[in-house]
Structure formats: structure tokens, C-alpha cells
Amino acid sequence: MDNKAPATDNPVEYIQHHLTPLASGEGFWRINIDTMFFSILLASIVMFIAYRVGKTVSAGAPTGMQNVLESLMDFVNSLVKEAFPKPNKIVGPIGLTIFVWVLLMNAMDLIPVDLLPKLADMVGIHYLKVVPTTDPHTTFAMALSIFILCIYYNVKIKGFGGYMKSFMVHPFGIYLAPINFVLTLVEELAKPLSLALRLFGNMFTGELVFLLIALLPWYIIPIPGSLWAIFHILVITLQAFIFMVLTIMYISMASEESH
Amino acid sequence: MNVTATLFGQMITFIVFVWFVKAYLWEPLTDAMESRTKKISDGLAAAEQGQKKIEQATIEFSTRIDEAKTKASGIINNAESKSKNIVEEARATAKEEAQKIAKTSSQQLEQEINAAREALKADVAALSLLCAEKIITKEVDKNMHDQIISEVLDK
């Protein structure tokens, strides 16, 4: 590509350019169009496939896409069954959705870093961040949704009083209630925060390394590029899996009876 | 990161996505898989039952065959003894009949011989009487001579 020379001339600008989202609006109404576009696009693809498979689903011998989705479902279901003593109707779909969505959004990472931004540049879009999970908005959106669901389950299972009590008596007993409150609060808040930041950090650094590799001379790029891409397949899957498992764990912890 | 509309947009996307997957994929697939599980277990149970039935049928079959075999051999034995009896009877009746026939025929023969003998006796008597009449027509009393002649003939 002909922007290699200027890119290597000014690497900081190149990287900053790549990490600037396509945004519109100011303040609260600032919307990262690229993040929204790609995440909704991927979600729509999955929803389309899900809809088609769900429409033609058969109890007989499964074929094609139904096979794939059924094995994914079994995979998620086995994790859910391990974590949940009681059957829960919403956790399975959440786990499956998270796994598929995060996996696909992460996989956008494997598209060559310059390809889509360059194509967008040609049609007049000058900033494009392709991987939605390198945008903390995405990861925090999922983590917060799960956090809210956890609070809902906490209140539903333990009652509001019981939930508040769990803040007071853990981990040191009722006599150190203030300390307990602070500790439990930090613990609870750390859950969504770590969930969101883990995924964001992994994907952001992964993208950064791709950008750094792209700065190398073209004849060196293939070796570290392909190696990092291969390694990144693992990271992508692993992060999607971790996000799903932790989600299931958090919801299961929230829906436990108070002890 | 700031709290912006993007965050809420992504949250809404996520929630809609989860709802959609639950409604259009998870539930129908779960139902399908459950009904398949049921179908398979039903099928396996049916197969097992079929196997059992086959075993029972085999046992019944062999007992029936054994029964039939014993019956058949019984019938054959019966038939053999019956036929023997019949032959024996036939032989006996034939013998009897033959004896009877022989008896009657010998009796008839005897009767005929006797009849012939009687006839001959009468004939000879008549003849000798005639001869005697011719020889001694006038001097011999017919009755006396008859007596003498029959005495001779009897001897």
C-alpha cells in the first residue's frame, strides 16, 4: 500500500489515526458510528442465521447450521448446568449470545488492519475503528447489562434487605459493618469493571500490536503478522469464552441463596 | 471512556440481541433437542422391547417345533401300529375266509359225493332189480328180493 512510507514516517500519527473512532455528536450524544455499525451488523448476521435455523428447526437428524448451533448450545448448556443448581431460562441465551457476539466482534481483528479503513477512506470516511470490542463502550455495555441483571437477581432471590445485609456482614461479620460495606461494594463493582476492562484491554492491545506490525517494512510484515494473527485466534476465542463463563458465574453467584 | 449514547446504544443492542437469540433460536432449538432426546430414548426402548419379543418368539418357536415333532412321531407310530393291525386283521380274516371256503367246498363235495353215491345206489338197486326182474320175472317176489339186494348193496 502506498501509505506505508508516510505511515512509517509518522508512526504516532498513523496509530492515533487508526484508534480514532468515527464519531458524531458531542458530549452525551457522542455516538461511535463505526462501533455501532459493526456490532449491529454482526448481531444482525447472527440474528438472521438464528432466525432461519429457528424457523426450520427439526427434531429429526439435524443438518448444517443447526448442527453447529446445537453443539454451541450444548457447550453453553453444560457450563450453565455446572454453575446453576436450579434451571434458569435466561442465562443460557445470554451466554450463547455473548460468546457468539464477542467472538465475531473480536474476529474483526483478523481482517488486515488497513483494509477496511482504506476502503472507507476511498468513499470519504476518514476514521474507522473496525473492532467493536476495542471500544470500551461495547465491553462496558455488556458488563453493565450483566451487572444490572445480577442486581436484579440479588434483590429477587435474597430480597432487598437480604441483599443489603450481604453488604454488611461479609467478610468480617456484623461488628465491622462499615468496612464490610466498602469491601463488598468494591468487590461487586470490580466484577463488571474487570469483565469489561479485560476484554477491552486484550483486544485493544491486540489491535495495537497489529498496528505496530503494520509499521514494519512490507517484507518483514508477513512473519510477525501471521504469527500474531495465529496467536490472536486463540486470544479471540479465549476472551469470548472467559467473558461468557464469568457472566454465567456472576449471575449464578447473584442468584444463590444468602448464606 | 465517557458515558455516552454509544454505551446505551450498545446496551440496547445487547439486550435486543439476547432477547432475539432466546426467542428465535434458543427456545425452538431447546424444544427440538428435548423432543429428539425423547424420540431417541423412545426408539431405544422400542428396540429393546422388539429384541425381547424376538427372544420370546424364538423360545416359543422352538417349543412349538418340539411339540410338533413329538406329535408327528406319535402320529407316525400310531399309523404304523394301526397299519400293522390292519394287515394282521386282513391276514386273519383272509385265513378264516379261506378256511371257510375250504370247509364249505369240502362239505359240498362230500354232499355231492353222498348224493352221487345215493343216486348210484338207487340206480344200481333199480338196475339190479330190473335185471333180476328180467331174469326171474315170474318166480321172485319183488319185495323180498328188494330187501336182499339192498342188504347186499349196503355191504
Side-chain angles (χ1 to χ4, degrees), chain A residues 21 23 25-33 35-36 39-40 42-44 46-47 49-62 66 69-70 72-74 76-77 89-90 92-98 100-101 132 135-146 148-149 196 200, chain B residues 1-69 71:
Chain A
E26 281 303 319
F28 175 75
W29 287 111
R30 192 176 151 85
I31 291 174
N32 294 352
I33 295 165
T35 303
M36 293 299 288
S39 57
I40 291 174
L42 291 170
S44 306
V46 175
M47 282 196 264
I49 294 169
Y51 180 74
R52 273 191 46 192
V53 171
K55 262 276 137 84
T56 60
V57 67
S58 72
Q66 198 187 331
L69 290 175
E70 275 187 13
L72 259 178
M73 253 183 76
D74 267 341
V76 176
N77 248 341
K89 275 190 176 162
I90 192 69
I94 288 178
L96 181 66
T97 310
I98 283 175
V100 174
W101 201 27
D135 184 343
H137 291 103
T138 308
T139 59
F140 270 99
M142 284 187 287
L144 277 178
S145 306
I146 291 153
I148 291 165
L149 194 68
F200 162 69
Chain B
M1 189 199 80
N2 304 312
V3 176
T4 65
T6 309
L7 179 70
F8 291 103
Q10 289 290 71
M11 278 171 82
I12 291 163
T13 311
F14 178 61
I15 290 161
V16 170
F17 195 13
V18 168
W19 167 78
F20 190 94
V21 166
K22 177 170 152 43
Y24 287 93
L25 181 71
W26 188 271
E27 279 163 4
L29 263 189
T30 309
D31 290 350
M33 283 161 89
E34 266 168 16
S35 68
R36 186 181 312 138
T37 310
K38 199 177 165 295
K39 237 187 197 172
I40 289 172
S41 60
D42 282 359
L44 286 177
E48 209 167 290
Q49 255 184 350
Q51 200 73 28
K52 263 184 198 164
K53 265 186 190 167
I54 286 175
E55 267 166 35
Q56 275 180 350
T58 320
I59 291 167
E60 204 177 320
F61 173 74
S62 59
T63 52
R64 283 254 176 103
I65 289 250
D66 284 351
E67 260 172 40
K69 265 183 189 165
K71 244 183 204 174

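Model, not experiment: these values are computed from the prediction. Letters A, B, ... mirror the listed sequences (proteins, then strands); counts begin at 1.
- Summarising the geometry, atom OG1 belonging to A/Thr138 is positioned 12.5 Å from atom CE belonging to B/Met11; distances are rounded to the nearest 0.5 Å.
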Test side chain to side chain contact (heavy atoms under 4.5 Å, CB included) on B/Gln10 and A/Met36; report intermediate values, then the result.
CA-CA 7 Å; B/Gln10 289 290 71; A/Met36 293 299 288; 3.4 Å; yes
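- For a residue to count as touching a neighbouring chain, one of its non-hydrogen atoms must lie under 4.5 Å from one of that chain's; by this rule A/Ile148 touches chain B with the side chain only.
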Test B/Arg36 against A/Glu70 for side chain to side chain contact (heavy atoms under 4.5 Å, CB included), laying out the working first.
CA-CA 12 Å; B/Arg36 186 181 312 138; A/Glu70 275 187 13; 2.7 Å; yes
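- Between atom CZ of residue B/Phe17 and atom CG of residue A/Leu96 there is a gap of 8.5 Å, rounded to the nearest 0.5 Å.
- The closest donor-acceptor contact from the side chain of B/Thr6 to the backbone of A/His137 lies at 3.5 Å or more, if one exists at all.
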Go through the steps to decide whether B/Tyr24 and A/Met47 satisfy the test side chain to side chain contact (heavy atoms under 4.5 Å, CB included), and finish with yes or no.
CA-CA 8 Å; B/Tyr24 287 93; A/Met47 282 196 264; over 6 Å; no
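- Between the OG1 atom in A/Thr97 and the CZ atom in B/Phe20 there is a gap of 11.0 Å [rounded to 0.5 Å].
- No other option in A/Leu69, A/Val53, A/Ile49 has as many heavy-atom pairs under 4.5 Å with chain B as A/Leu69.
- Annotation for A/Trp29 and B/Ala5: closest pair CE3-CB, 3.6 Å, computed over non-hydrogen atoms.
- Here the shortest heavy-atom pairing between B/Ala32 and A/Val57 reads CB-CG2, 3.6 Å.
- Proximity to chain A involves both the backbone and the side chain of B/Thr30, based on heavy atoms less than 4.5 angstrom apart.
- Using a 4.5 Å cut-off between heavy atoms, A/Val76 touches chain B through its side chain atoms alone.
- Separating the CG atom in B/Leu25 from the OH atom in A/Tyr51 is a distance of 13.0 Å, to the nearest 0.5 Å.
- Closest approach of B/Pro28 to A/Gly54, counting heavy atoms only: CB-O, 4.0 Å.
- Here the CD1-CE distance, from B/Ile15 to A/Met142, works out to 12.0 Å after rounding to the nearest 0.5 Å.
- The CG atom of A/Leu144 lies 8.0 Å from the CZ atom of B/Phe8; values are rounded to the nearest 0.5 Å.
- Of the listed residues A/Gly92, A/Ser39, A/Pro132, the one with more heavy-atom pairs under 4.5 angstrom with chain B than any other is A/Gly92.
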